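Letters go in sequence order (proteins before strands), and every chain restarts at 1. Model, not experiment: these values are computed from the prediction.
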Amino acid sequence: MTNNDILSGLNPPQRKAVETVNCPVLILAGPGSGKTRVITHRIAYLVNILGIRPYQIMAVTFTNKAAREMRERLSALSPDTVKDITLGTFHAICVKILRQEAENLGLNRDFSIYDADDQLKLVKEAIKNCGLDSKNYTPGSLLSKISHTKSRLLSPEESALQGGSYYDEIAAKVYSNYQQLLEKNNALDFDDILLKTLRSLSSRPDILKKYQQRYLHILVDEFQDTNLVQYELVKMFSALNCNLCVVGDPDQSIYSWRSADIRNILNFEKDFPESETIMLEQNYRSTACILDAAQSIIDSNQERKPKNLWTKNDTGEKLKVLEAYDQREEARIVIREIENLTDNLNTPLGDIAVLFRTNAQSRAIEEAFIRHGIKYRLAAGTKFYERREIKDVICYLKYIFNPHDYLSLLRIINIPPRNIGKNTIESLKRWAYSIGTSEGEALLSLKSFDKDDTNNAFTPRSFRLLKDFSSNIGELMEMAQEMRITELLDRVLERVNYKSYLLTQPDGEDRWQNVLELKSVAQQYNDYSPSEGISAFLESVSLVSDTDNLGDGREGATLITLHQAKGLEFPYIFIIGLEEGLLPHYRSMDDPWQMEEERRLCYVGITRAKKGVYLLRAFKRMLMGTTQSNPPSRFLKDLPDNIVTGNQYGKEKIRTAGFNLHHRSKNETGEKPYFLPGKSAPHKQVKESKAQNIIGLKAGNKVRHPQFGEGIVVSIKPVEGDQEVVIAFNGDQVVLKRILLSYARLEKL
DNA sequence: AAAGCGTTTATTTTT
DNA sequence: TAAACGCTTT
C-alpha cells in the first residue's frame with residue numbers, strides 16, 4: 001500500500017483531513033461527503049504511511065453497524081490493521097476496559113448489563129422503596145430524567161444538591177435508590193458503562209496513563225451525537241497525545257433527547273484552540289436539486305455553522321410536493337408514485353424508502369402496501385432479542401454468570417412454571433435479608449442448608465421448591481466453568497425442560513426455532529474459554545441491537561422513521577406527514593431549540609435521497625383517536641419554487657387554504673384543540689378562503705375544476721370548517737372525486 | 001395463572 | 001383508535 005493508493009481519489013479537503021495528523025482535528029462532513037471514506041483512509045494513512053501500530057489507534061462509532069461497516073471498508077484498504085485496532089462503539093470499548101481492569105479498579109468483572117426493560121423494572125422498584133405511589137410518578141419519565149442526570153455526570157448526591165422543583169427532589173431520591181439497586185444486582189446500565197469507565201479511570205491516573213500512552217490516535221465518528229460523558233471520555237483518553245480526530249455534522253444532530261449535546265461539536269474549536277477544522281462540502285450522493293432543497297431547509301436554523309454544500313451531480317428532477325385528503329389518500333399517492341417508478345422507470349422497490357416522524361404513521365402505508373401487494377420491510381419490529389423466549393434463555397445465562405443478578409433470576413425463577421409463586425419469592429427475599437446477602441446468592445446458599453437451620457423463613461413446600469431449583473442452577477453454574485457456550489446452552493435448556501415448556505405455549509414451534517437461532521449466534525463464542533465465552537456472548541447480546549439486522553435484504557420498499565434513516569441512503573425517498581404537529585412535531589413547538597432539531601430531522605430525511613424526493617402531507621388525519629387537520633409543515637415553505645413541483649396550489653395557497661378556520665372551529669365546538677393553550681399556534685392568521693367564492697353550491701350544479709375539467713356536484717356536506725364536495729367529472733369515463741371546497745379552485749358554471 | 005375489564009396514554013430509541 | 005397497564009375476578 002503506497003501513499004498514492006491511499007491519497008489518490010480523494011478531493012483536496014478529504015486529503016487534508018487524512019493528512020492532518022499532529023493536532024486535534026474537527027472534520028465537518030456534510031451528508032454524502034465521503035465521511036467514512038475519510039476515516040478509513042485516515043487510519044490506513046496512519047498505519048501504512050506513518051507506520052503507527054494499529055494497536056495504538058482507537059476508532060469510535062455510535063452503532064455496531066457503523067463499526068462493522070468501517071471494519072469491512074478498512075480491511076479492504078489495509079487488511080492487517082483491522083486485527084489490532086480498537087474499533088467499536090463507546091459502550092463496547094468501555095465494557096472491554098472495565099472487564100480488563102476490573103481487578104485494578106475494584107470492580108466485579110461479572111457485572112450484568114441492564115437494558116431499558118431492566119432499568120424500568122428497577123425504577124419501579126426504586127419508586128416503591130422510596131414510598132412513592134407510581135401512579136403519580138411514571139417510571140418512564142423518572143428513568144429518562146435519571147439518564148439525563150447521569151449523562152450530565154451528576155451522582156445521586158450531586159443531583160440531590162442541585163435542588164430544583166419538588167419533582168427534581170423526588171427524582172434525585174429515586175435515582176439514588178435506583179443506583180443502589182444496580183449495585184446490589186452487580187449490574188451496570190448503559191449510562192453506567194460510560195460513567196464508570198470515566199470515573200474509575202480518572203481516579204486512577206496510573207491505570208489511565210496506560211491507555212493514554214497506548215492510544216496515539218483517537219477517531220470519533222458521528223461526533224454531533226456524543227453526550228457529555230462521551231466527550232469527557234474522549235478528552236480523557238486523548239489528553240496525552242492530543243491526536244483527536246472528530247468527524248460529524250451538527251446539522252444531523254437529532255438525538256438531543258438522548259442527551260446528545262450538539263455543543264460538543266459546535267464548541268470543539270473553543271475547547272481545542274490548537275485544532276484544525278476541515279470542511280467536507282462536496283456531496284457525491286444527491287442531485288443538485290435535492291441538495292438545494294436540503295440546504296434551503298437547514299439554512300433557517302440559527303445555531304449552526306454555515307456550510308456550503310455543492311455537487312457535480314446533475315440537477316435532477318424537482319422535488320414533488322403532494323397533498324392528500326387524509327392518511328389513506330396519502331398512502332394511495334405513495335403507491336401511485338411508487339408504481340410509476342417501478343413500472344415506468346424500472347426502479348427496483350429496494351431503491352425506495354418511505355420516511356415518517358412517528359411509527360404510528362407506518363400503519364396506513366403498510367395497509368395500503370399489503371392491499372396492493374407491494375413488498376416492504378419495516379425497520380422497527382424485528383426485535384429478536386426482545387422476544388420472550390430469547391430473554392428467558394438469556395436470563396438463565398445472566399443469572400448463571402452473575403449470581404447477584406436478581407432481576408434475571410426473577411424472570412426465570414418460575415419459567416417454566418415450577419410452582420414458585422409470590423409467597424415463595426417473598427420468603428426468599430426475607431431469607432436473603434436475614435443472612436445479609438443478595439437474593440440470588442441466598443438462593444444458591446440453600447443447597448447447603450437444612451430446612452431446620454433457616455429460622456422458619458420458609459414453609460416446607462417453599463423450601464423444597466427453592467432448594468430443588470437452587471441445586472439445579474448450582475450444577476449449571478459449575479458446568480459453566482468448563483463448557484463451551486453452546487454446550488452450556490444445551491444443558492440449560494435440557495435441565496429446565498425449556499423446549500417442552502415452549503411447545504405448550506402459543507406459537508411454540510416458531511419460538512423454539514428462535515431459541516435455536518440464538519444457539520447459532522452463540523456458536524461464534526465457542527472458541528473462547530468457558531468463562532470468557534459466556535461473558536462475550538452476553539455482552540454481544542446486550543450491546544447489539546437487532547435493528548442492525550435490517551440488513552440489506554433490499555427486495556421491498558423500506559419503511560423507516562426519520563431517526564432510523566440517518567446514515568442510510570436511497571435513490572428515492574418519500575417523506576410523509578409534512579404537517580405542523582407531525583413534522584415538526586407538536587412536542588417541539590414551544591421550544592426553539594427543539595424546533596431546530598425538527599428541522600435537522602427534515603434535513604436528514606431529504607439528504608438520504610440520491611435521485612428523487614417526494615414530500616407528502618394530508619389535509620386531515622387520524623391522530624390519537626381524533627381527526628386532526630393541521631397546516632402544511634413550515635418546512636415546505638422554505639423550499640424555493642424553482643425546485644419543487646406537485647399538486648400544491650402554490651405557497652400562498654398552502655398558507656391561506658383556510659386551515660386556521662379549522663383550528664378555530666375545533667376550539668369553538670369544544671373539541672380538544674390540537675395545540676394546547678399556551679403553545680403558540682404555528683401560523684399567523686390569514687382569513688381569505690376560496691370557499692367563500694361559491695357559497696350556495698348545491699347538488700346538481702355544474703362546476704369546472706382546473707385539473708379535472710367540468711363536472712356535476714353529486715353531494716356537498718360540511719366537514720369541520722370546510723365543505724366536502726363530491727363531483728362527477730366526465731372525461732373518458734365518469735369519475736367521482738371527493739374534494740374540499742377550500743382547496744379546489746372550482747368555478748360554478 | 002389466566003381472563004376480563006376499566007383506565008390511561010400515545011415522538012423519536014444508535015447502546 | 002388501540003395498545004398497554006393494573007386491578008379484579010374466575
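When the C1' atom is used for both dG6(C) and dT11(B), the distance is 25 Å, rounded to whole Å. To the nearest whole angstrom, the two C1' atoms, one in dA3(C) and one in dT14(B), are 26 Å apart.
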**Asked** Checking side chain to side chain contact (heavy atoms under 4.5 Å, CB included) for the pair N227(A)/Y255(A): CA distance, chi angles, key distance, verdict?
**Response** CA-CA 10 Å; N227(A) 66 24; Y255(A) 281 101; over 6 Å; no
**Request:** Report the C-alpha separation of Y114(A) and F190(A) in whole Å, then their side-chain angles, then the decisive distance to 0.1 Å, and conclude whether the ring-ring contact (aromatic ring centres under 6.0 Å, His included) test is met.
**Result:** CA-CA 7 Å; Y114(A) 276 6; F190(A) 286 125; over 10 Å; no
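Rounded to whole Å, the distance from CD1 on I262(A) to C1' on dT14(B) is 17 Å. Residue F223(A) contributes atom CZ, which lies 16 Å from atom C1' of dT14(B) at whole-angstrom precision. Rounding to whole angstrom units, NE2 of residue H563(A) and P of dT12(B) are separated by 9 Å. Distance CE (M595(A)) to C1' (dT11(B)): 13 Å, rounded to an integer number of Å. Protein atom CG of L562(A) is 15 Å distant from nucleotide atom C1' of dT14(B), rounded to whole Å. Going from atom CG of L98(A) over to atom C1' of dT15(B) covers 14 Å, rounded to whole Å. If you measure from atom CG of L188(A) to atom C1' of dT15(B), you get 13 Å, rounded to the nearest angstrom. Distance CG (D249(A)) to P (dT14(B)): 20 Å, rounded to an integer number of Å.
Ring centers of H148(A) and W257(A): at least 6.0 Å apart, outside the cut-off.
The pair R263(A)-D261(A) meets the salt-bridge criterion, with a side-chain N (NZ, NE, NH1 or NH2) lying under 4.0 Å from an Asp/Glu carboxylate O. A salt bridge links D115(A) with K391(A): at least one charged nitrogen is closer than 4.0 Å to a carboxylate oxygen.
Look at N359(A) and you'll find a side-chain N or O under 4.0 angstrom from OP1 or OP2 of dT13(B). Applying the 4.0 Å criterion to OP1 and OP2 of dT11(B), one finds that R357(A) has every side-chain N and O outside that range. OP1 or OP2 of dT14(B) has not a single side-chain nitrogen or oxygen of N64(A) nearer than 4.0 Å. The phosphate of dT13(B) has OP1 or OP2 within less than 4.0 Å of a side-chain N or O from T561(A). The phosphate of dT11(B) has OP1 or OP2 within less than 4.0 Å of a side-chain N or O from Y586(A). Applying the 4.0 Å criterion to OP1 and OP2 of dT13(B), one finds that Q564(A) has a side-chain N or O inside that range.
Mapping A116(A) and E598(A) onto DNA chain B by nearest heavy atom places E598(A) closer to the 5' end of the strand. Across the interface with DNA chain B, nearest-nucleotide mapping of G421(A) and Q594(A) shows G421(A) to be the residue nearer the 5′ end.
Distances from the side chain of K566(A) to the nucleotides dT14(B), dA10(B), dT12(B) place dT14(B) closest. Residue N414(A) has its side chain nearest to dA1(B) when only dT12(B), dT11(B), dA1(B) are considered.
Applying the 3.5 Å distance criterion, the base of dT15(B) shares a donor-acceptor pair with the side chain of R258(A).
Among the candidates E598(A), E597(A), E580(A), the single residue satisfying the salt bridge (Lys or Arg N to Asp or Glu O under 4.0 Å) test with R357(A) is E598(A). A side chain to side chain donor-acceptor pair (under 3.5 Å) with R621(A) is found for one member of E579(A), Q327(A), E329(A) and no other, namely E579(A).
Across all strands shown, F90(A) has no heavy atoms under 4.0 Å from either base or sugar-phosphate atoms. Using a 4.0 Å heavy-atom distance criterion, D192(A) is classed as making no nucleic acid contact.
Residue ring and base: W257(A) counts as stacked with dT12(B) (centre distance below 5.5 Å, interplanar angle below 30°). An aromatic stacking contact between H91(A) and the base of dT15(B) is absent, as defined here by ring centres under 5.5 Å apart and ring planes under 30° from parallel.
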List every contact pair, protein side and nucleotides 3-5 of chain C side both N or O, where the distance is under 3.5 Å.
unit_1	atom_1	unit_2	atom_2	d
dA3(C)	OP1	R363(A)	NH1	3.4
dA3(C)	OP1	R363(A)	NH2	3.0

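The nearest pair of heavy atoms linking S633(A) to P584(A) is OG-CD, 3.6 Å.
Between the side chains of Q361(A) and T358(A), at least one donor N or O sits under 3.5 Å from an acceptor N or O.
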